[in-house]
Undergrad: 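Quick one: the structure is below, questions incoming.
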Amino acid sequence: MSSFYLFFTFLIMQRLVELVVAKRNEWWMKNRGAKEFGQEHYRIIVCLHAMFFVVFFIEVQARHAELSPVWPFFLSLFFLTQFLRVWAIASLGKCWNTKIIILPEAPIVEKGPYRFLKHPNYLVVIMEFMIIPCMYQAYLTAIVFSVLNGFILAVRIPMEEKALHEHTEYPISTGLKWRLSPKNPNKV
């Protein structure tokens, strides 16, 4: 069980560091004329993510859950998601944020994982909501929060794409449900 506490502490510390980076980037972008969109649903996202950790912790503690018998597989997937997370954040640089903040007329980032996916950071969250709980056999957390995350992303991704399309040279969506598709191959 001690591995759980170390892992859980790592996750919380990681999220706190990300919030500090996001706040710093928000300040930098807004001082250059950036506009924020989707404030109404942002609170729901924050609540969803906070509750994910609370429920995950409670489920593991209540069930006295141990590492999954296939934990090396889940840990490998977790490391893959962390690589993708860092790559996505580094590729966006000061334009990365947990909020929808658009710097009008800013060039669209098409490097790093954004060469292949429109929303790699959302893919990371989708994967984490399944991988993290399953590593400790917290299957109820994985199912419930994956479904809830699907609902919120169904609102968030179209809202973000609309804001990007209206205020930048963002390519028109391919229309795929999750909009995690490769960039438009016709765009130079």
Side-chain angles (χ1 to χ4, degrees), residues 1-23 36-89 96-101 113 117-163 173-181:
M1 191 62 97
S2 64
S3 70
F4 172 74
Y5 295 117
L6 288 172
F7 184 62
F8 191 80
T9 301
F10 168 78
L11 293 171
I12 298 302
M13 297 305 292
Q14 179 188 49
R15 294 316 190 269
L16 292 174
V17 168
E18 286 180 3
L19 289 174
V20 168
V21 170
K23 196 65 175 168
E36 185 175 346
F37 301 87
Q39 297 94 325
E40 310 81 35
H41 77 273
Y42 184 71
R43 286 182 223 120
I44 297 169
I45 291 175
V46 170
C47 181
L48 176 74
H49 284 252
M51 289 307 299
F52 168 77
F53 289 109
V54 169
V55 172
F56 170 53
F57 186 86
I58 291 170
E59 183 175 1
V60 170
Q61 296 302 304
R63 294 183 57 242
H64 304 289
E66 296 291 330
L67 278 167
S68 166
V70 292
W71 70 265
F73 170 72
F74 287 121
L75 187 60
S76 298
L77 289 177
F78 177 75
F79 284 138
L80 178 65
T81 62
Q82 298 321 293
F83 171 76
L84 184 56
R85 173 192 299 282
V86 170
W87 193 22
I89 291 170
W96 175 81
N97 210 291
T98 58
K99 298 178 179 179
I100 301 174
I101 300 176
L117 294 169
K118 286 186 169 191
H119 302 286
N121 206 51
Y122 296 142
L123 178 60
V124 167
V125 173
I126 290 167
M127 292 173 64
E128 282 183 335
F129 273 25
M130 291 183 283
I131 295 166
I132 290 170
C134 287
M135 192 157 30
Y136 284 91
Q137 303 182 67
Y139 303 117
L140 182 60
T141 301
I143 293 167
V144 168
F145 283 89
S146 291
V147 170
L148 293 174
N149 187 51
F151 286 129
I152 196 68
L153 288 180
V155 171
R156 172 132 175 138
I157 291 173
M159 185 176 292
E160 184 171 334
E161 286 190 349
K162 182 176 186 274
S173 168
T174 61
L176 295 178
K177 184 176 180 184
W178 288 104
R179 293 171 177 81
L180 292 167
S181 59

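One-based numbering along the sequence shown.
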Undergrad: Would you compute the distance between atom CD of Glu128 and atom CG of Leu84 and round it to the nearest 0.5 angstrom?
TA: 9.5 Å
Undergrad: So does Ile100 get a backbone contact from the side chain of Glu36, meaning a donor-acceptor N/O pair under 3.5 Å?
TA: no
Undergrad: Of all the heavy-atom pairs spanning Phe56 and Leu11, show the shortest one and how long it is.
TA: CE2-CD1, 4.4 Å
Undergrad: Please identify each residue that fulfils side chain to side chain contact (heavy atoms under 4.5 Å, CB included) with Ser146, with sequence neighbours left out.
TA: Phe129, Met130
Undergrad: Just checking Phe4 against Phe57, ring centres under 6.0 Å apart?
TA: yes
Undergrad: CD1 of Ile131 to OG1 of Thr81: how many Å apart, nearest 0.5 Å?
TA: 5.0 Å
Undergrad: How long is the gap from CE on Met159 to OH on Tyr42, to the nearest 0.5 Å?
TA: 14.5 Å
Undergrad: So, do Phe10 and Leu6 sit near enough that their side-chain heavy atoms are less than 4.5 Å apart?
TA: no
Undergrad: Output the distance between atom CG (Leu140) and atom CD1 (Ile58), rounded to the nearest 0.5 Å.
TA: 11.5 Å
Undergrad: Can you tell if the side chain of Lys99 reaches within under 4.5 Å of the side chain of Glu160, non-hydrogen atoms only?
TA: no
Undergrad: With a 4.5 Å cut-off on side-chain heavy atoms, are Leu117 and Tyr122 touching?
TA: no
Undergrad: State, with a plain yes or no, whether a side-chain heavy atom of Val124 is found less than 4.5 Å away from one of Trp87.
TA: no
Undergrad: Between Arg63 (side chain) and Gln137 (backbone), is there a donor-acceptor pair under 3.5 Å?
TA: yes
Undergrad: Would you say the side chain of Lys162 lies within less than 4.5 Å of the side chain of Phe37, judging by non-hydrogen atoms?
TA: no
Undergrad: Please find out if less than 6.0 Å separates the ring center of Phe8 from that of Tyr136.
TA: no
Undergrad: Using a 4.5 Å cut-off on heavy atoms from C-beta on, say whether the side chain of Glu18 contacts that of Thr98.
TA: no
Undergrad: Determine whether more than 12 heavy atoms belonging to other residues, nucleotides or ligands lie under 6.0 Å from atom CH2 of Trp96.
TA: yes
Undergrad: Rounded to the nearest 0.5 Å, what's the gap from CD1 on Ile126 to CG on Asn121? Could you check?
TA: 10.5 Å
Undergrad: Going by side chain to side chain contact (heavy atoms under 4.5 Å, CB included), name the residues that satisfy it together with Val55, two or more places apart in sequence or in a different chain.
TA: Met51, Thr141, Phe145
Undergrad: Distance check, rounded to the nearest 0.5 Å: Ile89 atom CD1 versus Asn97 atom CG?
TA: 10.0 Å
Undergrad: What pair of heavy atoms forms the shortest contact from His49 to Asn149, and how long is it?
TA: NE2-OD1, 4.5 Å
